[in-house]
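Sequential numbering from 1 along the given sequence is applied to the chain's residues. Just so it is clear, the values below take in all heavy atoms, side chains as well, and ignore hydrogens, waters and symmetry mates.
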Amino acid sequence: MSSTRQGARPRWETQRTFDELGRPLHDITFTVVDLETTGGSAQAGSRITEIGAVKVRGGEVLGEFQTLVNPHTEIPAFIAVLTGITNSMVASSPPIDSALPAFLEFARGTVLVAHNAPFDVGFLQHFADELGHPWPAFEVLDTVKLARRVISRDEAPNCKLSSLASLFRSATTPNHRALSDARATVDVLHGLMERLGGQGVQTLEELQTYSARVDPAQRRKRHLAEPLPHAPGVYLFRDDRAQVLYIGTSRDVRSRVRSYFTASETRTRMSEMVRLAARVDAVECATPLEARVRELRLIAQHKPRYNKRSRFPEKTHFVKLTREPWPRLSLVRKVLDDGADYLGPFASKRTAERCLAALHDAFPVRQCTDRFGLSPERAACALGEMGRCLSPCDGSVDQEGYAAVVGQLRHALLHNPDQVVEAIHQRMERYVAEERFEEASVHRDRLASFLRAASRTQRLSTLARCPELIAARREEDGRWAVHVVRHGRLAAAGVIPPGVDAHCWVEQLRAEAETVFAGPGPVPAASAEETESILRWLESGGIRLVDVEGEWTCPMGGAGRHLALYDAAQASRRTLVPFDESRQ
């Protein structure tokens, strides 16, 4: 008879397969956690304002944890609107150096679960490091990631917590409060586990590695990727009539296309597209940026039905400050070379209207569409009687006074948005103090729309005004990628071959580059998405400017410096809104 030392594992235990070693889900204790914060990035200075958690095992709630946290900083008005958590509510709450250890003790020895786990767990880890607390070796499960693999678009339009809570008939409605959202996430987790249990997923390891089974018809089409290059480029899926179904881009076209025929591709739409595909064409590109630009142009040209984005770059809106005796703001579809000032482009009319409303909140210029001369004589409109319009129509303001306000408006549009920010912040703070959160949120969204539009216009227009810009960057393989940009449009791209004279080669690339004429007004000679892709590359690390004709600048007092705050608010809301773009 053999024996083992006390505490040692039997030999047969060490030889069990991975599947046999799997831990049954009904034996796992999960801690489902949710946070509320002052913004979307702990690294950028955002703080935790509330922690809520529910501990469950085998469908039974073992305990709950909830505490407000004093962030020792002002909670922005728009965050207060979103969560309902105000400065007065957290004033007497424990600081993070007390709340975090208590939570870590509560969750010790369990598997952490969160909806969009990188956000919540990232905040917790950041403050654990900041406070010098060792981070426990938690295993983490993300219900967003799992839902994307399990839930089809026919069942739910997206993977927001609110949508999934509705789908699984959660007893708790998510409301941007930590404990309520954690309770809703528990119901979502159980709903997902029940769904997968019917497919044989019984252990934590199976749950963590689950992916949709590959359709046999999808697997049989792997040969379509064989002729494609291992190089940056664009790939086009076509049906048996050569109609383009879907266009994508990759640094390695062949490897990316092969993934559509494996378990790594779990999107329902893409599986449907692959079943219809009869061939895949490739456009090899010199650089990833060229591939991205060609992808955008091809999508706009073919408008493939399985591409959700970038199909209609021509469908844009602009806010226009007119040139007339009594200028006004107007919503237009095109930019004309008429000397007027424009803000945009906006991808949706609704966003443009929010921006327009923000400007009208800050500047009482006329909103009527009538045209009248220097000395109009008519009755004041309702807005004039309410004090929301300077009312030039009835002589309430002279042309000099009106022009001064228009000058301030133009300065806010093109250079410095501080006057708009200050006016709307004051209004938001008043609404928050009166607990009129819904009205405050309307103004928050208006201001965010304006700031994003102003920043976008300033960034795009400065590059659009450059007749030519040549830049280079050393890539990971050691070679230099070079791009020629003219009026915001990519005119040429290439990689300097080894052993050649770099200056001569760049001059040759410049000579062969596309001729580009300037667009009207501030609009680049390309789609906004193309110019923004170029800007992201130009603003990345390691860029060397080879030559610039004209000026490429960005105003220090521009709208971009305010964006971090509002992007943080949007990221905070995405604790309930997990990135619909992942379902492309």
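- Counted within 6.0 Å of NZ on K303, heavy atoms from surrounding residues, nucleotides or ligands total more than 12; the atom is thus considered enclosed.
- For A502, the side-chain contact (heavy atoms from CB on, under 4.5 Å) partners at least two apart in sequence or on another chain are I496.
- The two residues P524 and G488 come nearest to each other via the heavy atoms CB-CA, 4.2 Å.
- In this structure, E438 has no salt bridge (Lys or Arg N to Asp or Glu O under 4.0 Å) partners at least two apart in sequence or on a different chain.
- Put simply, the side chain of V365 does not reach to within 4.5 Å of the side chain of C389, judged on heavy atoms.
- In this view, R474 and W480 satisfy the side-chain contact (heavy atoms from CB on, under 4.5 Å) rule, not counting sequence neighbours.
- Heavy-atom contacts from other residues, nucleotides or ligands closer than 6.0 Å to CD of E324 number more than 12.
- Remark: F123 engages F119 in a ring pair (Phe, Tyr, Trp, His ring centres under 6.0 Å) (not counting sequence neighbours).
- Minimum heavy-atom separation, F450 to C355: CA-SG, 3.6 Å.
- Ring geometry for F237 versus Y246: interplanar angle of 30 to 60°, hence tilted.
- Note that K320 lies outside the cation-pi zone of F318, set by a 6.0 Å cut-off to the ring centre and a 45° limit from the axis.
- Considering only residues two or more places apart in sequence or on other chains, H443 meets the ring pair (Phe, Tyr, Trp, His ring centres under 6.0 Å) condition with Y431.
- The pair R279-D281 meets the salt-bridge criterion, since a charged nitrogen lies less than 4.0 angstrom from a carboxylate oxygen.
- Between Q458 and T462, every side-chain heavy-atom pair lies at or beyond the 4.5 Å cut-off.
- The 12-atom threshold is not exceeded at CZ of R350, counting heavy atoms of other residues, nucleotides or ligands nearer than 6.0 Å.
- Annotation: ring pair (Phe, Tyr, Trp, His ring centres under 6.0 Å) contacts of H411 (sequence neighbours excluded): H415.
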